[in-house]
Amino acid sequence: MTKALRRRVVNKRPDPEPCRDQDLGKFEVTVRDGAARLGKLFTRHGILETPMLLPVINPNIRTIEPREMWDKYRVNGLITNSYVTWKHEKLREPALKEGIHSLLDFPGVIVTDSGTFQSYVYGDVEVGVEEIVEFQKKIGVDIGTMLDVFGRPDMSREEIEHAVEETANRALISLNTAGEDTLLNGPVQGGLHDDLRAQAGALMGEVSGDYRGFAVHPIGGIVPLMEKQRYLELFRILLSARSTIPPNRPIHMFGCGHPILFPMCIALGADLFDSAAYALFARDNRLLTPDGTVKLGDLTEWPHTSSALFPYTPKEVREMEKDERSTLLAHHNLEVTQAELARCREAVRNGTIWQLAEQRSHANAKLREAFEWVLEQLEESDEGPVAESVLRTIASSDPVRGSAEQFSEDIDSRPHLLHLNALLAMRWRRPGSWWDGSDDKAERVVILSGAEPPWRDSALGSAISALEEEPRSIVLISTPVGLIPFTLEDVSPWCHIQCPDDLWDMVLDEAEIDAWLEDLGIADLPLDIHVCQADPEEEAGGENRSKIRDWIDRCTIVDKLSLLCGISPSDVCKLSNEMTSRRSRTDRMVNVNFGGVHCLSPRLPDGALSLTLAGAKKLHELNPKPPSTFQQGEKSSELNHPGLPRVLLMDDAIPFVGKGRNVIHGFVLGADPHLIVGQPCLVVSAKGELIAHGVANATADDMAFFDKGIAVKVRDGALK
Ligand code: GUN
């Protein structure tokens with residue numbers, strides 16, 4: 001019998017493995033998509049795989065037994081209240097004697113809150129700052145919470161300032177009381193004020209106790225907003241706080257647990273959630289679904305079912321006795337919550353979390369309003385903590401994607417498309433020489449419209465004809481998301497947009513065309529709009545065909561190296577003087593040689609580039625000086641083409657990385673700020689020597705903070 005099958009038969013999961021001592025409290029991010037991330041938080045009772053929800057357990061009323069949550073719903077961590085446990089002797093005594101894991105009969109990660117929420121609800125609590133941390137330590141919690149000061153949204157600015165300052169004042173003593181073994185939550189207050197949220201994030205983020213800083217930063221004071229569906233303010237708070245919270249700490253949304261909010265919160269950088277909604281809503285005969293809450297009383301059939309509800313009709317559940325009914329509904333609510341989080345994690349993994357957030361935004365008017373506000377920030381952010389966070393979200397998105405891009409009215413505002421378009425506007429340049437050998441100025445712009453991808457099948461003939469007719473033509477393709485150079489025809493998502501057929505026939509209006517030409521820096525040229533023929537013009541170009549195609553291929557490599565690798569077009573032009581390439585059976589460029597040496601290959605799924613070691617060496621020669629260290633704190637380069645981004649490696653790691661091992665966080669001394677997640681980079685020593693090349697798995701900002709996980713996925717070591 002396999003292990004998995006045996007587990008099903010006895011319906012039990014094994015207990016978790018404790019983390020290694022040196023990993024306690026560390027957070028590793030394995031997948032990133034803009035602000036969204038999949039992570040692992042290491043504790044003595046296993047690893048919390050984020051994003052995840054900690055169900056709230058009321059130690060007095062256990063609607064679903066914690067052990068059942070562990071066995072049946074794969075709940076790896078839960079949250080309970082240390083203040084409630086401390087206050088009730090019948091809980092305090094066994095907790096102190098046998099520990100909280102035994103009291104709750106839960107083998108996984110136990111997080112506790114401190115009583116701050118009770119002080120918000122009841123006015124005050126009778127416990128001291130050190131006393132409550134000491135208690136959490138004594139009962140053996142994995143992650144405790146310091147006694148923060150709850151900042152209500154209706155408080156004055158002065159009161160909120162006080163909540164932020166007083167919480168920060170209590171931080172060091174709380175961390176030191178927690179000691180070496182107990183991890184601690186450092187809540188970020190700040191009410192509705194962007195600057196105070198950012199200030200709180202910075203203050204709480206920089207406190208360093210005798211053993212460590214805070215392991216997690218919950219965003220506090222947001223429950224009253226969620227109760228009133230004030231989602232715009234909720235997202236604003238998340239963005240402001242995230243601008244200063246160290247990126248290597250998970251962010252927890254205190255009291256947030258409605259599935260409708262998960263996709264957007266995760267897309268904006270939340271890692272942990274907690275909520276009693278599964279039990280509270282069940283007691284109130286309400287069912288959670290990924291797009292809202294429904295009342296049992298209104299139902300004839302289940303709009304969203306679960307293994308808990310499947311055997312029953314709504315009528316049968318209504319007829320159940322109260323306790324039986326609320327337990328059943330709590331099971332359903334927990335199952336839906338877990339399923340929606342799994343769906344979100346999968347969306348982060350496959351690059352569609354933003355699309356999921358976009359879909360969910362249509363479920364509720366307030367959520368849509370909040371989502372539209374976020375889109376506005378993405379498109380025209382200026383200054384302040386919110387702007388800082390949204391710019392970082394765009395810059396940390398891998399601009400290319402290997403999978404289909406679903407069209408929607410909001411497609412233009414997706415962070416990865418904004419990133420790709422920004423790179424196009426900033427780094428694309430008109431060609432300096434043409435297929436006929438001339439190097440005069442461009443004569444015209446030709447826009448090919450009415451063609452669907454793959455454009456090498458539907459528009460290549462038209463592009464070649466236009467270039468034969470006038471060699472100094474800049475050929476663009478009209479897509480539903482704007483104009484792109486023909487040379488970038490296989491770059492995804494542009495070439496993977498899934499939309500109704502008639503959108504491909506639509507020509508952009510004059511103002512849109514002008515704006516795109518302006519962005520590309522070619523608004524000064526005469527314009528020719530050409531509708532592509534249905535049949536590819538197989539023999540377009542006649543005897544010049546192969547010359548024109550070779551020139552297009554060369555421009556493709558210049559444009560891709562410039563856009564995605566930051567190399568100046570004039571440098572690539574020199575390298576590509578002696579460029580040759582091999583094509584696949586589907587007529588795509590596969591190997592690109594400079595001077596007869598294989599230097600790079602277009603990546604077939606997304607159209608970006610893969611370097612070879614020989615290619616990395618050539619690009620390294622263009623920029624041999626080492627990057628600054630994090631301490632020297634280099635600001636973003638003023639240059640549009642600052643060269644292939646470099647990661648500065650510690651000497652200790654050189655022998656390993658030089659042989660081809662990945663670069664691990666903690667061994668990075670510096671990184672160029674223009675590093676792009678998912679795109680090529682060089683790994684160099686402090687002397688500037690090339691050690692390896694690979695693909696960035698984190699932003700430069702992340703590399704300055706993280707000490708666990710892969711920073712660069714190395715393709716090849718240079719010292720083998
Ligand atoms: N639970 C919900 N909100 C809060 C908060 O602001 N602080 C603490 N400690 N717990 C909470």
Side-chain angles (χ1 to χ4, degrees), residues 53-59 77-87 110-133 135-136 141 143-155 159-171 173-175 177-178 182-193 196-197 200-201 203-204 207 214-228 230 233-234 237-238 240-241 245 249-258 261 265 270 272-280:
L53 174 121
L54 303 159
V56 173
I57 301 291
N58 179 337
L78 52 78
I79 187 164
T80 188
N81 199 292
S82 65
Y83 177 67
V84 174
T85 312
W86 174 84
K87 222 173 148 196
I110 297 188
V111 182
T112 41
D113 202 349
S114 54
T116 299
F117 194 67
Q118 280 65 25
S119 77
Y120 154 67
V121 178
Y122 305 113
D124 204 2
V125 287
E126 305 142 17
V127 76
V129 172
E130 288 163 76
E131 194 178 6
I132 196 64
V133 176
F135 179 69
Q136 295 173 81
V141 310
I143 308 173
T145 303
M146 62 166 284
L147 194 66
D148 50 320
V149 180
F150 196 97
R152 292 193 325 268
D154 63 342
M155 281 176 166
E159 287 170 309
I160 296 286
E161 275 169 355
H162 171 262
V164 169
E165 275 163 31
E166 182 57 22
T167 301
N169 288 342
R170 299 174 180 180
I173 186 75
S174 302
L175 279 170
T177 306
T182 309
L183 305 174
L184 217 53
N185 277 322
V188 172
Q189 298 290 342
L192 300 175
H193 305 273
L196 296 183
R197 287 283 176 184
L203 285 171
M204 301 302 284
V207 190
F214 289 108
V216 177
H217 289 292
I219 312 271
I222 54 178
V223 170
L225 297 177
M226 288 178 298
E227 284 169 350
K228 296 224 154 60
R230 290 166 67 177
E233 286 147 307
L234 178 72
I237 287 171
L238 173 54
S240 311
I245 292 175
R249 308 256 176 94
I251 294 181
H252 176 159
M253 302 294 282
F254 250 153
C256 172
H258 198 299
L261 294 173
C265 287
L272 288 162
F273 302 88
D274 79 272
S275 171
Y278 73 99
L280 298 180

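Atoms within a ligand are numbered from 1 in the order they appear, just like the ligands themselves.
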Task: side-chain contact (heavy atoms from CB on, under 4.5 Å) assessment of Met146 paired with Thr116 - done: CA-CA 9 Å; Met146 62 166 284; Thr116 299; over 6 Å; no
Task: Separation between CG of Asp113 and OG1 of Thr85, rounded to the nearest 0.5 Å - done: 10.5 Å
May I have every N or O pair linking ligand 1 to the protein at under 3.5 Å, one per line with atom names and distance?
{"unit_1": "ligand 1", "atom_1": "1 (N)", "unit_2": "Asp113", "atom_2": "OD2", "d": "3.4"}
{"unit_1": "ligand 1", "atom_1": "6 (O)", "unit_2": "Gln189", "atom_2": "NE2", "d": "3.0"}
{"unit_1": "ligand 1", "atom_1": "6 (O)", "unit_2": "Gly221", "atom_2": "N", "d": "2.9"}
{"unit_1": "ligand 1", "atom_1": "7 (N)", "unit_2": "Asp148", "atom_2": "OD2", "d": "2.8"}
{"unit_1": "ligand 1", "atom_1": "9 (N)", "unit_2": "Asp113", "atom_2": "OD1", "d": "2.8"}
{"unit_1": "ligand 1", "atom_1": "9 (N)", "unit_2": "Asp148", "atom_2": "OD1", "d": "2.8"}
{"unit_1": "ligand 1", "atom_1": "10 (N)", "unit_2": "Asp113", "atom_2": "OD1", "d": "3.3"}
{"unit_1": "ligand 1", "atom_1": "10 (N)", "unit_2": "Asp113", "atom_2": "OD2", "d": "2.6"}

TODO: With the side chain counted from C-beta on, respond yes when Leu203 and Val164 share a heavy-atom pair under 4.5 Å apart, and no when they do not.
DONE: yes
TODO: Indicate whether any N or O donor in one side chain lies under 3.5 Å from an N or O acceptor in the other, for Thr145 and Asn185.
DONE: yes
- [ ] Look at the rings of His217 and Phe214 and say which category their plane angle falls in: under 30° parallel, 30 to 60° tilted, over 60° perpendicular.
- [x] perpendicular
Open item on the list: Within this structure, what is the CG-OG distance for the pair Leu54 and Ser275, rounded to the nearest 0.5 Å?
Closed with: 10.5 Å
